[in-house]
Amino acid sequence: MHIFTALIFATSFFTLSPTSAYPTGAKRQTERLEGVAVSHYQEGEIDWSGSSFGYVEASAANNFVSPTFNNQLSECEAGGLVCGAYHVAVPALSTGTDQAQYFINNGGNWTAGTEKKLPGGLVIGYDYEATGCFDLDPPELVKWVRDFSDEYHRTTGRYPVLGTSYAWWSTCTNNDATFNTTHALALLGPDTVPGGWGSWSFLQQRQPDTEQGGLFWHADQASLEAFAKGAN
């Protein structure tokens with residue numbers, strides 16, 4: 001199980017050429033920073049060179065902690081990157097509140113005041129346990145994400161980055177538009193921006209578990225560090 005790439009969002013993010021097509025339905029973003037996202041699938045040496053930031057898989061559901069998280073996060077930080085952790089949502093297994101607590105207790109915490117610590121990411125939309133929508137209807141899934149988000153915010157003072165795709169979000173939440181003013185979007189795949197977000201904050205373009213890379217921030221280094229420090 002994994003991500004942000006998902007980011008979660010998390011599984012891993014993948015290499016993306018700067019000339020690749022932009023998502024439709026979103027403002028074209030001409031300046032962007034390259035980052036890397038990794039998961040427990042990348043057990044060997046990670047190439048952090050050339051990246052400005054990284055997201056590392058910390059946990060999934062309420063029963064999995066990435067065995068590579070501590071080493072990968074330490075490498076990211078040692079390389080001087082802006083670093084964060086992500087959680088892979090599995091709503092079929094437990095509540096959003098429960099999985100937020102599990103994530104926070106296993107590497108997903110965030111504290112204000114440093115420009116080198118990104119808020120946690122929640123990757124949702126890759127379902128390995130049930131049907132495409134985790135056997136939940138749209139109101140139930142919206143509530144699940146809201147519960148996760150509210151618990152993360154209550155504990156850390158910050159809302160998580162949401163990693164999802166238009167295809168999943170529009171189908172499984174009825175394209176819910178109640179998160180777009182408080183949550184940065186990590187758009188998974190070259191896709192239409194869902195849920196009323198005007199544009200993506202992070203972008204990744206390949207399915208998880210293939211290779212590292214392919215994660216981008218929509219603007220410059222100063223704005224990334226301001227976002228990490230707490231300027232939403």
Aromatic contact, Tyr159 with Phe179 (centres under 6.0 Å): no

Any side-chain donor near an acceptor of the partner, Gln99 and Ser94, under 3.5 Å: yes

Test item: Phe148 and His153 side chains (from C-beta on) under 4.5 Å apart, heavy atoms: no

Joint hydrophobic cluster, Val145 plus Tyr102, side-chain heavy atoms closer than 4.5 Å: no

Common cluster, Leu122/Val142, ILVMFWY with side-chain heavy-atom separation under 4.5 Å: yes

Exceeds 12 heavy-atom contacts within 6.0 angstrom, atom NZ of Lys116: yes

Ring geometry between His87 and Phe103 (parallel below 30°, tilted from 30 to 60°, perpendicular above 60°): tilted

Donor-acceptor side-chain pairing of Trp217 and Ser223 below 3.5 angstrom: yes

Side chains of Trp168 and Leu141 in contact at under 4.5 Å (non-hydrogen atoms): yes

Single hit among Val193, Leu185, Leu188, Leu187 for side-chain contact (heavy atoms from CB on, under 4.5 Å) with Leu203: Leu187

Heavy-atom pair with the smallest gap, counting every atom of Trp48 and Leu81: CE3-CD2, 3.8 Å

Sub-4.5 Å side-chain heavy-atom contact between Phe227 and Phe53: no

Pairing of Glu140 and Lys143 as salt bridge, 4.0 angstrom limit: no

For the student: nearest non-hydrogen atoms of Gly195 and Asn175, plus distance: N-OD1, 2.7 Å

Sub-4.5 Å side-chain heavy-atom contact between Leu118 and Leu224: yes

Side-chain heavy-atom pair Trp144, Asp147 within 4.5 angstrom cut-off: no

Hphob cluster co-occupancy, Val65 + Ile104, side-chain heavy atoms under 4.5 angstrom: no

Note, Pro138 side chain near Asp176 side chain (heavy atom, < 4.5 Å): no

Note, His40 side chain near Phe69 side chain (heavy atom, < 4.5 Å): no

Contact summary for Arg158 and Tyr152, nearest pair of heavy atoms: O-CD2, 3.0 Å

Between Ser199 and His218: side-chain donor-acceptor atoms closer than 3.5 Å: no

Any side-chain donor near an acceptor of the partner, Ser66 and Thr68, under 3.5 Å: yes

Nearest non-hydrogen partners of Ala85 and Gly108, listed with the distance: CB-CA, 4.2 Å

Validation row: Thr155, Trp110 side chains within 4.5 angstrom (heavy atoms): no

